[in-house]
Visitor: 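Next up is a structure, given as C-alpha cells.
Proteins get letters first, then strands, A, B, ... in listed order; numbering begins at 1 in each.
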Amino acid sequence: MAKEQGVTPQSQDFSQWYIDVIQKAELVDYGPVRGTMVMRPYGYALWENLQRELDRMIKETGHENAYFPLFIPMSFLQKEAEHVEGFAPELAVVTHAGGEELEEPLAVRPTSETVIGYMWSKWITSWRDLPVLMNQWANVVRWEKRPRPFLRTTEFLWQEGHTAHATREEAEEETRRMLGVYAKLARDYAAIPVWEGMKTEKEKFAGAVYTTTIEAVMRDGKALQSGTSHFLGQNFAKAFEITFQDQDLEEKYVWTTSWGLSTRMIGAIIMAHGDDQGLILPPKLAPIQVVIVPIYRKNTREVVLEPARELEREIRAAGVRVHLDDRDQYSPGYKFNEWELRGVPLRIEIGPRDVEAGHAVLKSRLGGEKEFIGLRDLPGLLPERLEGFHRALYERALAFREEHVEKVDDYDAFKEQVERGFAAAFHCGDAACEKAIQEETKATTRVIPFDFPEEEGVCVRCGKPSAYGKRVLFAKAY
RNA sequence: CGGGGCGUAGCGCAGCCCGGAAGCGCGCCUGCUUUGGGGGCAGGAUGUCGCAGGUUCAAAUCCUGCCGCCCCGACCA
C-alpha cells in the first residue's frame with residue numbers, strides 16, 4: 001500500500017523523477033507566483049551548509065561581505081551595451097511605488113555589477129584603494145521563460161563576488177582563483193567532479209571579456225553549469241567611470257571581475273547523485289548525516305529508546321549531525337524508505353535484540369551489507385565512515401562521468417554522443433556554426449577545459465580548422 | 001512567446017461525452033492492535049467543483065469570456 005510514496009524511476013522519466021524527489025523529500029514546494037519556489041527547512045538547511053563552507057572559502061581568499069540594494073535605476077543597466085542587451089528581456093521592473101508612478105523605473109537586480117560599479121566609482125580614487133575584494137549574499141530576479149526549481153527560478157539565492165584591480169594580470173588571476181574555489185566546493189563538499197574551463201564567446205556572460213565555468217554531468221547525461229567566474233576587463237569600469245590615480249600619476253580604469261554560485265548548485269547535487277530511491281546527499285553538506293531508527297514494540301519502547309537517546313548524544317558529541325527518528329506513528333520500514341528518499345548518508349537501526357547484544361546496525365545509503373557495530377565503538381567510527389562515504393560518492397560520480405564523455409571526430413557520432421552525454425570535439429569557433437550545431441542537435445558548447453591537452457584538428461561539423469587548439473566539450477544542458 | 005495538458009477534499013485523481021443527492025485512493029483525527037523494509041480493524045472530519053457571465057425548472061457537467069498552473073520547445077545561473 002501507499003505505493004505512490006515512491007518516485008518515478010530515472011530511466012522512465014528523469015524530469016518527473018526530479019520533480020517527484022524534490023517535493024517528496026521536502027526540499028521545496030512551488031510558490032504562488034510562477035517560477036518561484038519555497039525552500040522548505042530541509043532544503044534550506046542544505047543551502048545553509050553549502051553557504052557556510054563557501055562563505056568561509058571566500059573569506060579565506062581575502063574577500064569581505066557587503067550588501068548592495070535590491071533596486072537598481074533602469075538607466076544603470078543601460079550603461080553597458082552588451083549587459084543591457086543580455087539582461088533586458090528578463091528584467092522585472094518596478095514602475096509604481098508609494099501609490100504613485102515612479103519618475104524612473106527601477107529594475108529588481110538580475111545581478112549587481114552596475115550598482116556596485118556606481119558605488120565603487122565614488123569609493124575608489126587611488127592605487128592604494130586597490131584591490132577591492134567584495135562578496136554579497138543576495139537574492140536576484142530573472143524573469144526566465146521556463147523556470148525549474150533550483151535550476152532556473154524567477155527569484156534565486158546566490159553569492160556574487162565583485163573585485164576591482166589595478167592591473168589586467170591581477171584581475172585575470174582573481175577570475176581563475178575563484179573558479180578554483182568553486183571547483184573545490186563541488187569536488188570536496190558536493191562530491192561532484194567538474195571541468196574547469198572557458199566559455200565560448202557565444203556562451204559568455206553579457207558584459208564580460210570572457211567567462212570561466214565549472215561544468216558537471218547529471219545522471220541523465222546532460223550538463224549543468226554550476227558556477228561561473230567572469231573577467232570583465234574594463235567594460236564596467238568605463239561604463240561607470242571607475243578610475244584611480246596610479247603610482248605613475250596616470251588616471252586609469254580599474255579591471256574588474258565577478259563570480260557567482262547559486263541555489264542551482266543544489267540542483268546539481270540532486271541530479272549528480274540521486275537514484276531511484278531518491279536523493280543521495282554528500283555527507284559534508286547533508287542536513288542530517290546519520291539517522292537513528294529505533295525499532296520497538298509498545299512494551300520495549302523505553303528499553304530501546306533510552307540507549308538510542310544515549311547513542312544520539314554521543315554521536316552528536318563526536319561532531320556528527322545526527323537525528324533520532326522516534327515518531328511512534330510510523331513503522332521502521334516506513335522510516336527506512338523515507339530517510340532513503342531524503343538522502344541521509346548513514347542509517348543506524350537499533351532494536352531490542354541489538355540492545356541485548358550491545359550493538360547496533362549500520363547501513364549506508366550507497367548500498368552494501370548491514371554491519372553490526374558495538375554501541376561503544378559506533379560514535380567514534382562515524383566521522384571516518386562519513387569521509388569514506390564522501391570518497392565513494394565522488395568516485396561513483398567520476399566513474400559515471402567517464403562513461404558519459406567520448407572523443408568524437410565525426411558529426412554522426414557527435415549527434416549520437418550528445419544524446420547520452422558529453423562529446424569532446426574540435427570546433428571552428430564560428431558562432432554561426434555553433435548555433436547550427438545547437439539547432440541540429442540541441443547540444444551547446446559547455447566548456448573548453450583548461451586541462452585538455454593541446455591538440456589540432458578540424459571542426460566536427462564544418463571541417464574548418466579548430467579555433468581553440470584543443471577539444472571543446474559539447475552537451476545538452478539544463 | 002509557440003505547442004500540448006490540467007484546474008473537483010491537504011495530495012493524486014474519477015465524475016463531464018449523455019445536466020437531476022459531489023465520489024475514490026492516499027493522507028489527516030479518535031480508539032484498539034501492530035512495529036527488524038512503506039502494517040491491520042473500526043469509527044470520524046474535510047469541498048466557494050479556478051473565476052465571471054449565460055442557457056435551463058435544475059449546471060462540476062452545456063455555451064462564452066477570463067485567470068492560473070504544469071509539461072514540451074526557443075532564451076537563460
Side-chain angles (χ1 to χ4, degrees), chain A residues 1-7 13 15-16 18-20 23-24 26 29-36 85-91 110-111 138-160 182 199 202-206 208 211 213-216 223-230 258-268 277-278 293-301 304-305 325-341 347-355 360-361 363 370 372 435 438-439 442 444 476-478:
Chain A
M1 200 169 286
K3 278 288 186 290
E4 59 255 39
Q5 284 177 50
V7 298
D13 184 344
S15 240
Q16 192 57 48
Y18 181 80
I19 301 292
D20 285 354
Q23 293 206 82
K24 289 181 173 166
E26 296 185 359
D29 202 350
Y30 292 103
V33 173
R34 196 189 93 92
T36 61
E85 192 187 328
F87 282 102
E90 55 195 50
L91 284 182
T111 180
N139 58 340
V140 288
V141 168
R142 298 182 187 177
W143 221 263
E144 300 286 357
K145 303 291 183 207
R146 185 152 174 234
R148 266 169 87 76
F150 290 120
L151 305 178
R152 205 179 308 99
T153 44
T154 300
E155 176 190 6
F156 58 94
L157 305 183
W158 75 347
Q159 59 69 219
E160 48 178 324
Y182 291 160
K199 282 288 186 190
K202 179 173 170 293
E203 297 285 329
K204 75 174 189 186
F205 173 76
T211 289
T213 181
I214 57 170
E215 211 75 21
L224 187 66
Q225 174 179 314
S226 310
T228 45
S229 181
H230 316 290
S258 69
W259 26 277
L261 186 140
S262 74
T263 37
R264 171 180 271 193
M265 190 69 183
I266 295 177
Q277 296 303 311
V293 177
I295 297 155
Y296 52 79
R297 292 161 184 267
K298 182 172 274 181
N299 60 337
T300 53
R301 187 172 184 276
V304 171
L305 274 186
D325 186 356
D326 59 0
R327 294 173 298 175
D328 287 330
Q329 69 269 37
Y330 295 113
S331 69
Y334 182 93
K335 293 176 183 177
F336 295 162
N337 282 290
E338 173 165 292
W339 293 113
E340 281 168 12
L341 170 62
R347 179 178 80 224
I348 293 168
E349 304 167 19
I350 181 166
R353 300 201 296 266
D354 304 303
V355 173
V361 174
K363 180 78 164 66
K370 291 185 177 183
F372 294 92
K435 180 96 179 155
Q438 181 176 0
E439 281 161 7
K442 312 281 188 224
T444 51
K476 296 207 245 180
Y478 279 99

Visitor: Under a 3.5 Å limit for both distances, which nucleotide forms a Watson-Crick or G-U wobble pair with B/rU64, could you say?
Guide: B/rA52
Visitor: Checking all strands, does A/K435 fall into the base, sugar-phosphate, or nothing category for heavy-atom contacts under 4.0 angstrom?
Guide: sugar-phosphate
Visitor: With rounding to whole Å, what would you report as the distance between B/rC49 and B/rG39 at their C1' atoms?
Guide: 34 Å
Visitor: A/E144 side chain: which of B/rG36, B/rG38, B/rA77 is closest?
Guide: B/rA77
Visitor: Which whole-number value in Å describes the distance from A/E439 CD to B/rA74 C1'?
Guide: 10 Å
Visitor: Quick one: look up who B/rC28 pairs with, Watson-Crick or G-U, both distances under 3.5 Å, and put none if it's unpaired.
Guide: B/rG44
Visitor: How long is the line joining CG of A/D354 and P of B/rG36, in whole Å?
Guide: 13 Å
Visitor: Does B/rA22 have a Watson-Crick or wobble partner in any strand here, with both distances under 3.5 angstrom, and which is it?
Guide: none
Visitor: Within the structure shown, what part of the strands sits under 4.0 Å from A/V140 by heavy-atom distance: base, sugar-phosphate, or nothing?
Guide: nothing
Visitor: Using a heavy-atom cut-off of under 4.0 Å over every strand shown, decide if A/E340 touches base, sugar-phosphate, or nothing.
Guide: base
Visitor: What do you reckon, do A/F156 and the base of B/rA77 stack, with centroid distance below 5.5 Å and planes below 30°?
Guide: yes
Visitor: For B/rC11 and B/rG65, measure between their C1' atoms and round to the nearest Å.
Guide: 31 Å
Visitor: Has the side chain of A/R142 got a donor or acceptor atom that lies under 3.5 Å from a matching backbone atom of A/T154?
Guide: no
Visitor: Looking at A/F336, is A/R347 sitting on its ring face, NZ or CZ under 6.0 Å from the six-membered ring centre and within 45 degrees of the normal?
Guide: yes
Visitor: Does a distance-only test, which skips hydrogens and angles, find a donor-acceptor pair under 3.5 Å between the side chain of A/R142 and the base of B/rC76?
Guide: no
Visitor: Answer with base, sugar-phosphate or nothing: what part of the nucleic acid does A/Q159 contact at a heavy-atom distance below 4.0 Å?
Guide: nothing
Visitor: Would you say A/S331 places a side-chain N or O within less than 4.0 Å of OP1 or OP2 belonging to B/rG39?
Guide: yes
